[in-house]
Amino acid sequence: MHKRSAEAYQRALQLIPGGVNSPVRAFKGVGGTPVFFESGQGPFLFDLDGNKYIDYVASWGPKLQGYSFAPVVQAVTTQAQRATSFGAPCLIELELANLLVSSVPSLEKIRMVNSGTEATMSVIRLARGITNRDRIVKFTGCFHGHADSLLVQAGSGVLTLGLPDSPGVPRALAQQTLSLPYNDIEAVQDVFTQFGSEIAAVIVEPIAGNMGCIPPVEGFLEELRTQTTQHGSLLIFDEVMTGFRVALGGAQEMFEVSPDLTTLGKVVGGGLPVGAFGGSAELMDQLAPIGPIYQSGTLSGNPLAMAGGFALLNSLDTDFYDKLDELTGYFTNGIRDVAKKHNIDLCINSVCGMFSFYFTSQSKVSNYHHVEQCDSARYAKFFHEMLRQGIYFAPSAYECAFVSGSHTTLEIDKTLAAFDDVLKRL
Ligand code: KE4
């Protein structure tokens, strides 16, 4: 079944820490050893042993139009024959910048980088530089990449200073980050009452996607906007996952709340390494070389990745999202029906293009505390059973499932049939 993957993994373990270049891929969340993939086509992945899967990981989000999307392949191939990088300005950078600025409501200017982590790391420095303040507020269960200031877990009490979430993060730096419960409006009001004048920025996933999919409750994003404005802090929407995923203008368009700064990644690179951060011209012009706040990158805006991102984003319009939303609803309704049929307690959260289901009897999952009560062992069993059926979900109960423009009801029906068989036996 996975003989060649298992052999490759043994070799990988000798060369790469944990055999992977990013921890979540090691299957630690579900047990077993990772599958090595060889190719992808539309909604399908093919592994080293020739097994075919219907994929819902989408490389953690970027594959919004599925694998080997022809316009992206064409654009990247053509650009590769010209040059992959100049380290100098080129027109395709302007094309993509213009597309981002004209699609995302709050953007006037944008700076390209090479990952979501680089985008959030840079935007935090920008916010601190602009406000001349050091404190950052984030939310427990939200993930913003692995920059030191963001690898911070909540202190013992909601208003206690942050603690490093990893060895190597200086305690002094971690203490500058406060981590609050997601969707907790009161906690936000309290933290601003206590620290308001010291808070440089609040960074939030406007729809949480790293503790499964958790949409904002009514008034949560609006309260962040009110409190940050009132206290001279900046509001940062980390739309690395939601940008161009849930709507052309991202979650800020969907919920009509305008952040001061936005980070992007994943989809905007079309599957190549791209991150970006942007906001008003006034704020962004504080960046070097015109402003004093330094930020840089050898391959930032490289024409190869710009060509890939531009080709993918150019294929998106409101009709695309209408269809994606409909297919996501068809899928999640189908899962609800199958779970009911087999009396399996399941809670599903979904927005256009992304969703997650939690094995739990809780009526809602709207913060990390709820997520911790869910049955991740049952998810692990589910994951491997579905893998045997040729369905690839995220190897972690804390991630989202993604539907793409290449999935059709044919693949969804096959997946629902697999759900029926697996949930029956769970
Ligand atoms: P990257 O540095 O991995 O490109 O982006 C970091 C990041 C920032 N913000 C949000 C909202 C994100 O979801 C991410 C990365 N997401 C994870 C899992 N959802 C990527 C997978 C991985 O860590 O390998």
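For this chain, numbers begin at 1 and follow the sequence in order. Each ligand, and each atom within it, is numbered from 1 in the order the structure gives.
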inquiry  = Would you compute the distance between atom CD1 of I293 and atom CZ of R125 and round it to the nearest 0.5 angstrom?
reply    = 9.5 Å
inquiry  = Parallel, tilted or perpendicular, judged at 30° and 60°: which one describes the rings of F331 and F355?
reply    = perpendicular
E205 neighbourhood, listing ligand 1 atoms whose heavy-atom distance to it stays under 4.0 Å = 11 (C)
message = Ring centroids only, cut at 6.0 angstrom: are F143 and Y398 within range, meaning strictly under it?
response = no
ask   = Is the closest basic N to carboxylate O distance between E411 and K414 below 4.0 Å?
value = no
query = Counting N and O atoms only, with roles assigned by atom type, does the side chain of N183 sit under 3.5 Å from a partner on the main chain of F220, one being a donor and the other an acceptor?
reply = no
ask   = Taking both backbone and side-chain atoms of D238, is any N or O found less than 3.5 Å from an N or O belonging to ligand 1?
value = yes
Check: K266 N/O within less than 3.5 Å of ligand 1 N/O = yes
key: Heavy atom of protein inside 4.0 Å of atom 3 (O) of ligand 1, strictly below   = no
inquiry  = Can you classify the ring geometry of F357 versus F419 as parallel (below 30°), tilted (30 to 60°) or perpendicular (above 60°)?
reply    = perpendicular
inquiry  = With heavy-atom distances below 4.0 Å as the criterion, list the atoms of ligand 1 near S115.
reply    = 2 (O), 4 (O)
remark   = In M211, H370, E372, the residue satisfying side chain to side chain contact (heavy atoms under 4.5 Å, CB included) with V365 is H370
message = If I apply the N/O under 3.5 Å rule, does T120 come out as touching ligand 1?
response = no
request  = For M241, counting its heavy atoms only, list the atoms of ligand 1 lying under 4.0 Å from any of them.
outcome  = 13 (O), 19 (N)
ask   = Taking non-hydrogen atoms only, is H144 closer than 4.0 angstrom to ligand 1 via side chain, backbone, both or neither?
value = backbone
query = Just by distance, with hydrogens left out, do S404 and S406 show a side-chain donor and acceptor under 3.5 Å apart?
reply = yes
query = Where's the contact between T117 and ligand 1, heavy-atom distance under 4.0 Å: side chain, backbone, both or neither?
reply = both
ask   = So which heavy atom in the protein is nearest atom 10 (C) of ligand 1, and how far is it from that ligand atom?
value = F143 O, 3.3 Å
ask   = Parallel, tilted or perpendicular for Y53 and H2, by the 30°/60° rule?
value = parallel
inquiry  = Looking only at distances, can you tell me whether any N or O atom of N210, backbone or side chain, sits closer than 3.5 Å to an N or O atom of ligand 1?
reply    = yes
message = Among V257, L224, L221, V204, exactly one meets side chain to side chain contact (heavy atoms under 4.5 Å, CB included) together with P216. Which residue is that?
response = L221
request  = For atom 5 (O) of ligand 1, grab the closest protein heavy atom and report residue, atom and distance to one decimal in Å.
outcome  = G116 CA, 3.3 Å
query = Who's the nearest protein heavy-atom neighbour of atom 21 (C) of ligand 1, and how far?
reply = W60 CG, 3.7 Å
ask   = What part of E399 sits under 4.0 Å from ligand 1 if we count only heavy atoms: the side chain, the backbone, both or neither?
value = side chain
key: Polar atom proximity, S22 to ligand 1 (N or O, under 3.5 Å)   = yes
query = Just which atoms of ligand 1 are under 4.0 Å from any heavy atom in V24?
reply = 22 (C), 24 (O)
inquiry  = Is there a polar contact between ligand 1 and G145, counting only N or O atoms under 3.5 Å apart?
reply    = no
ask   = Is the closest basic N to carboxylate O distance between R11 and E7 below 4.0 Å?
value = no
